[in-house]
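See structure below.
Proteins get letters first, then strands, A, B, ... in listed order; numbering begins at 1 in each.
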Amino acid sequence: MIEHQIQLKASEAFNSLYSASLQPSEISVQKTRKEFEGDYTINVFPFLKISRQSPEDTAVRIGNFITENMPELQSYNVIKGFLNLTIDQSFWIGFIDAEINDDSFGTVQQLSDKPVVIEFSSPNTNKPLHLGHVRNNLIGSSLAEILRASGHRVVKVNLVNDRGIHICKSMLAWQKWFEGKTPEDAQVKGDKLVGDCYVEFDKRLRQEVESLMQQGLEREEAEKKSLLMAEAREMLMHWEANDPKVRKLWANMNGWVYEGFDQTYKRLGIDFDKVYYESDTFLLGKSIVDEGLRNGKLFRKDDGSVWADLTNEGLDEKLLLRADGTSVYMTQDLGTAQLRHDEYDPEKLLYVVGNEQNYHFDVLKLILAKLGRKWADNIIHVSYGMVELPQGKMKSREGTVVDADDLMDQMYITAENMARELGKADELSSKESEKLFETISQGALKFFILRVDPKKNMLFNPEESIDFNGHTGPFIQYTYARIRSLLKKAEERGHLVDNPTDPGEVLPKEIEILKLLYGYPSVIHNAAKDLNPALVAGYAYELSREYNQFYQEVNILREADTMKAVFRLRMSLFTARVIASTMGLLGIDVPEKM
RNA sequence: GGUCGCGUAGCUCAAUUGGAUAGAGCAGCAGCCUUCUAAGCUGCCGGUUCUGGGUUCGAGUCCCGGCGCGAUCACCA
C-alpha cells in the first residue's frame, strides 16, 4: 500500500536527515483533506523535537527527500506543519488496470484455521422478534461477513433461550386461557401466538398482585405470594425434572415459535452455522458449578443456593444456582461458553449482545477466570446500543414494541408506493417488481441501522418512515443500478472495457474516486479491527456520492475521445463492483435496475 | 446511592482515534430533466461541540468538577 511506502520513506528521511531512529509505524500518514492540494499528508509537528527546526523547514526537507526517493510522487506542498504529497496520476491508473479483474478486491485470504465464533440474535421463545433484535441480527451477520473478508474463519452461532421461568409463563398461560389454540386455526405466526400467551400471563399476574396489594400486602410480598408465580415455578421444576407432559407442551410451543422465527430470519437474510439451545447447555453449566463447588472456588449458602464471591474483584456475590437447584441465566452461559471452547478451540468468542448486559459479561469472564479457564480472555462482548423510540425504550406493556415483521411489511409498502409514483415499476412484471420493492425496502432498513456506530444508542421514529433519499441504502442501490445501465448501453454501442486505455489528463473528480477505490481494502481491515459495520456503510455512501457527482458533471458515453470514454467506463465498472461488495458486507442486495 | 455509558446544526448521524476552516442527510428556501436512470445534481440557510476549569504547538476527542439523560447493581433473561 502506498501509505506504507510513504511511511517507509518518511522514516528514512528523518533517520538520515536528522539521525533519528523512527520506525515507519510511528509516522501517521493521513488522507489530505479535500480543501487542500495533495493526496496524503504527514503532520510534522510531533517530530519537531527531533528536527529542531521550524515546522515549515522540517516539512520541506522531508518533502524533498521523499519526492526524490519515491517515483510515485509527483510533487508536494507545505502549509504550516502539514506536508501534503501528491501522487502521480499514472499510479492511480495503474492501480485500476491491475485490480479491475480481481473479483475479491479488498478481501484477504483466510489466515488461520482457528475460527472466530460469533454469537448473535439469541432470542427468547416467549416473544416475537422486534426492532432491537433486528439491530442485533444485522450487526452480527454483517460482522461475520466483514471478519470473513478480512481473513478469518467465521462460525455464526445462535443461542436460543428456550427454557426458564419466562417460558413456563407462556406455557401456563396457554394451558389456562388458550387451550387448544394453534397457529393454524388462529391464523397467526407461531411466535406471535406464544407472545400473546406471555402477554396474557403478565396481565393476569399484575391483576393478581394488585388484588393482593389491596388486601394490604406490600408489592414484593404480593409477588412472592402470587399463585400464578407459584404455578410457574412449579412448572419449571417439573420441566427440569423431565416431566413428559410438561416437556411435550414445551416442545410443541417452541416448535411454533421456531417456525415463526425462521420466516423472519429468512426475510432478513440471516442464517447460522449452528444453533445452540439453552435447554442443551444448562446441565453443562450446572456441572461446571459443581466442579467449582468441589474445588472451593464457589460456595453454598445455608438455604442451598450456590454463589460466586466476586468481592475481591470489586463486584458483588453472584447467584449461580437457586435454593431449589434450578439454574439461572449465568449458569447456562458458563455451559455454552465451555461448549463452544471445546467444540471449536476458537481464536475469539464474540457475543453480540446489548449494552444493558455489560455487567453480565464482566461477571461471566471473571467467573470463568476464577474457575481456571484461561480462554476467558478470548471472550469479547460486542456491546451495542439500544434502539430507542421518541418516548424512550420500547415497552411491551405500553404496546410500543416495533415488531420486526410489521416493520418489514411497512417498509415494503413504502417502497412500493414510492416506486409506483416514480413510475419505476411500469415496465416490470409483477414478480420482478415484488423483488425490487423487497430489495429496496430491505436495503433502506438495513442501511438505516448499520450506518450508526454499533456502540451508540440510536433513535427510531415510527411516525416518520425510514428515508429512501439522501444518506440511505436506496441511494447506494440507485448508484449501482445506474452504472449497470450505463455499462449495458456501452456494450450495445460496442465499447470494449476489458483492455486498459490511456485517458490522457485525468480530472480531479476522477482521482477522487480512484483514491476512494484504492482505500477499500483498508476500510474492510478497519471495520474488522473495530468490529464496526458503520465504517463500511459510511464508505459505501461516500463512494456513491462521489460517483453521482462525477456522473452528473462528466460525460461518459457522450465523451468523444474513445480512450477517455473507455477509461471512465472501466472506472464505473470498478465502482459498481466495490459498491456491490460493500453492500454484500452489510447483507444488502443491489438491483440491476431501479 | 454505587458502577458504567452518553451529551455535536431544528431532527437523524459523521468527524481518519490529539491535527488544518467540525462535515453529511433530512426538514426549509432557490435552481437543474429535447443529451449516459431526477430514488440524482448544484447553491443558500443552519454550530459557544451541555457547562466551568486544566493538560499542549494544537482539544468535539485526554484529565478534574458541575448539570442533564440512559443502562445496570434481580433467586428476569
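Here B/U8 is in the anti range [glycosidic angle more than 90° from 0]. Nucleotide B/C33 carries a syn base; the chi torsion (O4'-C1'-N9-C4 or O4'-C1'-N1-C2) is within 90° of 0.
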(Q) For A/Trp239 and A/Phe282: C-alpha separation, side-chain torsions, deciding distance, then whether ring pair (Phe, Tyr, Trp, His ring centres under 6.0 Å) applies. (A) CA-CA 13 Å; A/Trp239 185 91; A/Phe282 80 104; 5.5 Å; yes
Q: For side chain to side chain contact (heavy atoms under 4.5 Å, CB included), just list the numbers for A/Asn457 and A/Asn355, CA-CA rounded to whole Å, side-chain angles, deciding distance to a tenth of an Å, and then say yes or no.
A: CA-CA 9 Å; A/Asn457 289 354; A/Asn355 62 11; 3.5 Å; yes
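When rounded to the nearest whole Å, the span between CZ of A/Phe447 and P of B/G25 equals 13 Å. Between the P atom of B/C26 and the CZ atom of A/Phe460 lies a distance of 18 Å, rounded to the nearest Å. Between A/Met1 atom CE and B/U16 atom C1' the separation is 13 Å, expressed in whole Å. Between A/Asn457 atom CG and B/U12 atom C1' the separation is 14 Å, expressed in whole Å. Rounded to a whole Å, the NZ atom of A/Lys529 is 10 Å from the C1' atom of B/U16. The distance from atom CE of A/Met458 to atom P of B/G5 is 22 Å, rounded to the nearest whole Å. The interatomic distance linking A/Asn358 (CG) with B/G70 (C1') rounds to 12 Å, in whole Å. Computed from coordinates, the A/Asp453 CG to B/U12 C1' distance equals 14 Å when rounded to whole Å.
Inspection of the A/Arg163 and A/Ser327 side chains reveals an N or O donor paired with an N or O acceptor under 3.5 Å. A donor-acceptor pair shorter than 3.5 Å cannot be found between the side chains of A/Asp467 and A/Thr472.
The residue A/Asp467 sits close only to the backbone: its heavy atoms come under 4.0 Å of sugar-phosphate atoms, none of a base. Contact annotation for A/Glu553: no contact, since no heavy-atom pair falls under 4.0 Å across all strands. A/Ala419 comes within 4.0 angstrom of a nucleotide base, judged by non-hydrogen atoms across all strands. Across all strands, A/Val554 comes closer than 4.0 Å to base atoms (heavy-atom distances). Residue A/Thr479 is classed as having no contact, given no heavy-atom separation below 4.0 Å to the nucleic acid. Across all strands, A/Asn461 comes closer than 4.0 Å to no nucleic acid atom at all (heavy-atom distances). Within the 4.0 angstrom heavy-atom criterion, base atoms lie near A/Ala481. Within the nucleic acid shown, A/Asp202 has no heavy atom closer than 4.0 Å to any nucleic acid atom. Residue A/Tyr541 is in sugar-phosphate contact alone, with no base atom involved, counting any heavy-atom pair closer than 4.0 Å across all strands shown. Across all strands, A/Ile440 comes closer than 4.0 Å to base atoms (heavy-atom distances).
In this model, a side-chain donor or acceptor of A/Lys424 finds a partner on the base of B/U37 within 3.5 Å. The base of B/A39 has none of its N or O atoms less than 3.5 Å from a complementary donor or acceptor on the side chain of A/Asn548. Between the base of B/C75 and the side chain of A/Asp303 there is a donor-acceptor pair shorter than 3.5 Å. Side-chain atoms of A/Thr472 and base atoms of B/A39 include no donor and acceptor less than 3.5 Å apart.
Taking every side-chain heavy atom of A/Arg482 into account, B/A38 is the closest of B/A38, B/A77, B/A71. Taking every side-chain heavy atom of A/Glu356 into account, B/A71 is the closest of B/A77, B/A71, B/A20. Of the candidates B/C57, B/C75, B/A38, B/C75 carries the atom nearest the A/Leu319 side chain, counting heavy atoms from C-beta on. For A/Ile165, counting side-chain heavy atoms from C-beta on, the closest listed nucleotide (B/U72, B/A77, B/U17) is B/A77. Comparing B/A77, B/U37, B/A20 by their closest approach to the side chain of A/Tyr551 singles out B/U37. Among B/U21, B/U12, B/A24, the nucleotide with an atom closest to any side-chain atom of A/Leu459 is B/U12. Side-chain proximity of A/Gln30 to B/U17, B/G70, B/A77: nearest is B/U17. Residue A/Lys593 places its side chain closer to B/U37 than to any other of B/U37, B/G19, B/C13. Nearest nucleotide to the side chain of A/Ile79, out of B/A20, B/C75, B/A39: B/A20. Picking from B/C41, B/A77, B/G19 the nucleotide with the shortest atom distance to the side chain of A/Pro46 gives B/G19.
Rounded to the nearest Å, the gap between the C1' atom of B/C11 and that of B/G28 is 12 Å.
Stacking is not found between A/Phe475 and the pyrimidine-like six-membered ring of the B/A39 base under the 5.5 Å centre-distance and 30° plane-angle cut-offs. Residue ring and base: A/Phe468 does not count as stacked with B/A39 (centre distance below 5.5 Å and interplanar angle below 30° not both satisfied). Evaluation of A/Phe45 against the base of B/C57 yields a stacking contact (centre distance < 5.5 Å, interplanar angle < 30°).
No option in A/Asn77, A/Thr41, A/Asp39 other than A/Thr41 meets the side chain to side chain donor-acceptor pair (under 3.5 Å) test with A/Thr32. Across A/Asn254, A/Asp162, A/Asp191, a single residue satisfies side chain to side chain donor-acceptor pair (under 3.5 Å) together with A/Thr125, and that is A/Asn254.
When the side-chain nitrogen and oxygen atoms of A/Gln552 are compared with OP1 and OP2 of B/C32, none of them lie within a distance under 4.0 Å. In this model, the phosphate group of B/C76 is not approached by any side-chain N or O of A/Arg233 to a distance below 4.0 Å at OP1 or OP2. In this model, the phosphate group of B/U37 is approached by a side-chain N or O of A/Ser485 to a distance below 4.0 Å at OP1 or OP2. Contact annotation: A/Asn469 reaches the phosphate of B/G40 (side-chain N/O to OP1 or OP2, under 4.0 Å). Residue A/Tyr359 has no polar side-chain atom (N or O) positioned under 4.0 Å from OP1 or OP2 of B/U72. Contact annotation: A/Arg33 reaches the phosphate of B/A20 (side-chain N/O to OP1 or OP2, under 4.0 Å). Listed pair A/Lys456 / B/A14 meets the phosphate criterion, a side-chain N or O lying under 4.0 Å from OP1 or OP2. Look at A/Lys301 and you won't find any side-chain N or O under 4.0 angstrom from OP1 or OP2 of B/C75.
To the nearest 0.5 Å, atoms CD (A/Glu512) and NZ (A/Lys34) are separated by 5.0 Å.
Comparing A/Lys393 and A/Ala415 along RNA chain B, the residue whose closest nucleotide (by nearest heavy atom) sits nearer the 5' end is A/Ala415. Annotation: of the two residues near RNA chain B, A/Asn355 and A/Ala323, the 5′-most nearest-nucleotide partner is A/Asn355.
Base pairing analysis places B/U49 opposite nothing; no Watson-Crick or G-U wobble pair with both distances below 3.5 Å involves it.
The residues A/Lys515 and A/Glu546 are annotated as not salt-bridged, no charged nitrogen and carboxylate oxygen being separated by less than 4.0 angstrom. Using a cutoff of 4.0 Å between basic side-chain nitrogens and carboxylate oxygens, A/Glu200 and A/Arg204 are scored as salt-bridged.
Ring to ring, A/Phe550 and A/Tyr547 are close: their centroids are under 6.0 angstrom apart.
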